[in-house]
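One structure is given below, encoded as structure tokens.
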Amino acid sequence: MTTRTEFLSRIRAEMAKTAGLFPASVAPRPADARAVTETIRRELAERWGETLERFRKEFERVGGVFHRAASLAEVPQVVAGIAREREARRLVAWDPRELGADLGPALAARGLEPHPMPAGAVADAAERGRLRRLVAEAELGLTGVDLAIAETGTLVIRSGAGRPRSTSLLPPYHVAVFDRTVLVESLSQAGVFLEAWHAGGEPADRGAIVSFITGPSRTADIELTLTRGVHGPKEVHAIFVEKTIRG
């Protein structure tokens, strides 16, 4: 029978196998978060290539799969390739206005069954139930990205009208599309954007949930047996679009 001391010793031994990536510290709260985010974006416009490469390395290190597309028009081809390799067809996606384009026809032409989420709130209970079933039965979830943190390979996604959080949480394969405008270098910079988002002036249809997604879902039991996909997608794919999606 394992004693308490032996159990804790095993935990310490496993934790010691991985050193911390960076020292933890308290970041000062900016007086004008919006002004700081503008400065961050301006500076990153000059070094986004290095930031993207760091994101790619960290994203793959935590088990993500990285892809590139020249433009948003090429994204359906990449998504179709992901689906074909996994024998998946049913796909739920953010509303086209949230993704930046209506990719449904191009996805359907490649053999997928795309179901975009409605743009606004759904009042009818029966329709809400139908949408919940669609998401629960879908094999792929297609979303955009609000921030891509290079330091940790993390995708930050806000919920809201046309972008329910279930699209990134329930399907076993999550595919996220982003461009250089959402790149940030660190968790500290991401914190500034969080401050700016909650400083007022954001669209009224933004939801209350902000998800930080660092690789696929992982769960380890008391014996430290790792399992993927128990509490979320078992695969997370990020498609970087070379041409800016908006503007």
Side-chain angles (χ1 to χ4, degrees), residues 59 62-65 67 72 75-76 78-80 82-83 86-108 112-149 153-178 182 190 193-194 197-198 202-219 227-239 241 245:
F59 183 70
V62 296
V65 184
H67 310 263
L72 200 56
V75 167
V78 179
V79 175
I82 295 169
R86 288 150 188 81
E87 299 183 342
R89 291 188 63 190
R90 292 166 296 182
L91 177 147
V92 289
W94 280 4
D95 176 74
R97 281 166 287 191
E98 297 296 328
L99 278 178
D102 184 1
L103 305 180
L107 291 167
L112 298 177
E113 298 177 7
H115 300 279
M117 293 295 100
V122 178
D124 183 70
E127 178 62 9
R128 289 200 303 271
R130 186 187 73 85
L131 291 172
R132 280 196 293 268
R133 288 191 295 274
L134 273 178
V135 177
E137 294 170 358
E139 296 152 313
L140 298 108
L142 180 63
T143 74
V145 175
D146 291 293
L147 292 175
I149 306 174
T154 299
L155 302 171
V156 180
I157 299 177
R158 291 182 288 173
S159 67
R163 42 159 70 200
R165 60 173 173 157
S166 56
T167 49
S168 66
L169 294 177
L170 292 185
Y173 308 111
H174 174 205
V175 183
V177 181
F178 73 108
V182 303
F193 279 86
L194 287 173
W197 291 344
H198 293 87
E202 282 295 295
D205 59 0
R206 282 290 174 264
I209 304 299
V210 180
S211 301
F212 282 63
I213 301 170
T214 307
S217 166
R218 293 178 175 85
T219 301
T227 304
R228 290 189 178 188
V230 176
H231 301 295
K234 60 183 178 181
E235 290 184 18
V236 178
H237 297 254
I239 304 176
V241 179
I245 294 173

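This chain uses plain numbering: 1 for the first residue, then up along the sequence. All values reported here derive from a predicted model rather than from experimental measurement. Just so you know, these numbers use all the heavy atoms, side chains as well, and skip hydrogens, waters and symmetry mates.
- Residues forming a salt bridge (Lys or Arg N to Asp or Glu O under 4.0 Å) with Arg130 (at least two apart in sequence, or on another chain): Glu127.
- Taken from NE2 in His237 to CZ in Arg86, the straight-line distance is 4.0 Å, to the nearest 0.5 Å.
- Listed by chain and residue number, nothing satisfies the salt bridge (Lys or Arg N to Asp or Glu O under 4.0 Å) test with Arg128 (two or more places apart in sequence, or in another chain).
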Kindly determine whether Trp94 and Ile157 satisfy side chain to side chain contact (heavy atoms under 4.5 Å, CB included), including the steps that lead there.
-> CA-CA 12 Å; Trp94 280 4; Ile157 299 177; 3.4 Å; yes
Could you go step by step and tell me if Asp146 and Trp197 meet the side chain to side chain contact (heavy atoms under 4.5 Å, CB included) rule?
-> CA-CA 11 Å; Asp146 291 293; Trp197 291 344; 3.9 Å; yes
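- With sequence neighbours left out, the side-chain hydrogen bond (donor to acceptor under 3.5 Å, both in side chains) criterion links Ser166 to no other residue.
- Between Leu112 and Ala80 the shortest heavy-atom distance is CD1-CA, 4.3 Å.
- For the pair Ala161 and Gly120, the tightest heavy-atom approach, listed with the atom from each and the gap, is CB-CA, 4.2 Å.
- Counting only distance, with no hydrogens or angles, the side chain of Ser159 and the backbone of Ile209 share a donor-acceptor pair below 3.5 Å.
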Going through the checks in order, is the side chain to side chain contact (heavy atoms under 4.5 Å, CB included) test met by Met117 and Val92?
-> CA-CA 7 Å; Met117 293 295 100; Val92 289; 4.1 Å; yes
Given Ile239 and Val79, is the side chain to side chain contact (heavy atoms under 4.5 Å, CB included) satisfied, shown in steps?
-> CA-CA 9 Å; Ile239 304 176; Val79 175; 3.9 Å; yes
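- Among all heavy-atom pairs drawn from Pro114 and Gly104, the shortest one is CG-O, 3.5 Å.
- Residues meeting the side-chain contact (heavy atoms from CB on, under 4.5 Å) test with Pro76, sequence neighbours left out: Leu103, Ala106, Leu107, Arg110.
- A distance of 10.0 Å separates OG1 in Thr167 from CG in Leu91, rounded to the nearest 0.5 Å.
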Under 3.5 Å, which donor-acceptor pairs do the side chains of residues 134-144 form with other protein atoms, sequence neighbours left out?
residue: Glu139; atom: OE1; partner: Arg89; partner atom: N; Å: 2.7
residue: Glu139; atom: OE1; partner: Arg90; partner atom: N; Å: 2.9
residue: Thr143; atom: OG1; partner: His174; partner atom: NE2; Å: 2.9

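- The local environment of CZ in Arg97 is sparse, with at most 12 non-hydrogen atoms from other residues, nucleotides or ligands closer than 6.0 Å.
- In terms of the ring-ring contact (aromatic ring centres under 6.0 Å, His included) criterion, His115 has no residue partners (sequence neighbours excluded).
- In this structure, CG in Leu99 is found 8.0 Å from CD1 in Ile245, a value given to the nearest 0.5 Å.
- In terms of heavy atoms, Phe59 sits closest to Leu155 at CE1-CD1, 4.2 Å.
- Partners of Phe178 according to the ring-ring contact (aromatic ring centres under 6.0 Å, His included) rule, which considers only residues two or more places apart in sequence or in another chain, are Phe55, Phe240.
- Minimum heavy-atom separation, Ala190 to Ile149: CB-CD1, 3.7 Å.
- Residues that satisfy the side-chain hydrogen bond (donor to acceptor under 3.5 Å, both in side chains) test with Arg132, not counting sequence neighbours, are absent from this structure.
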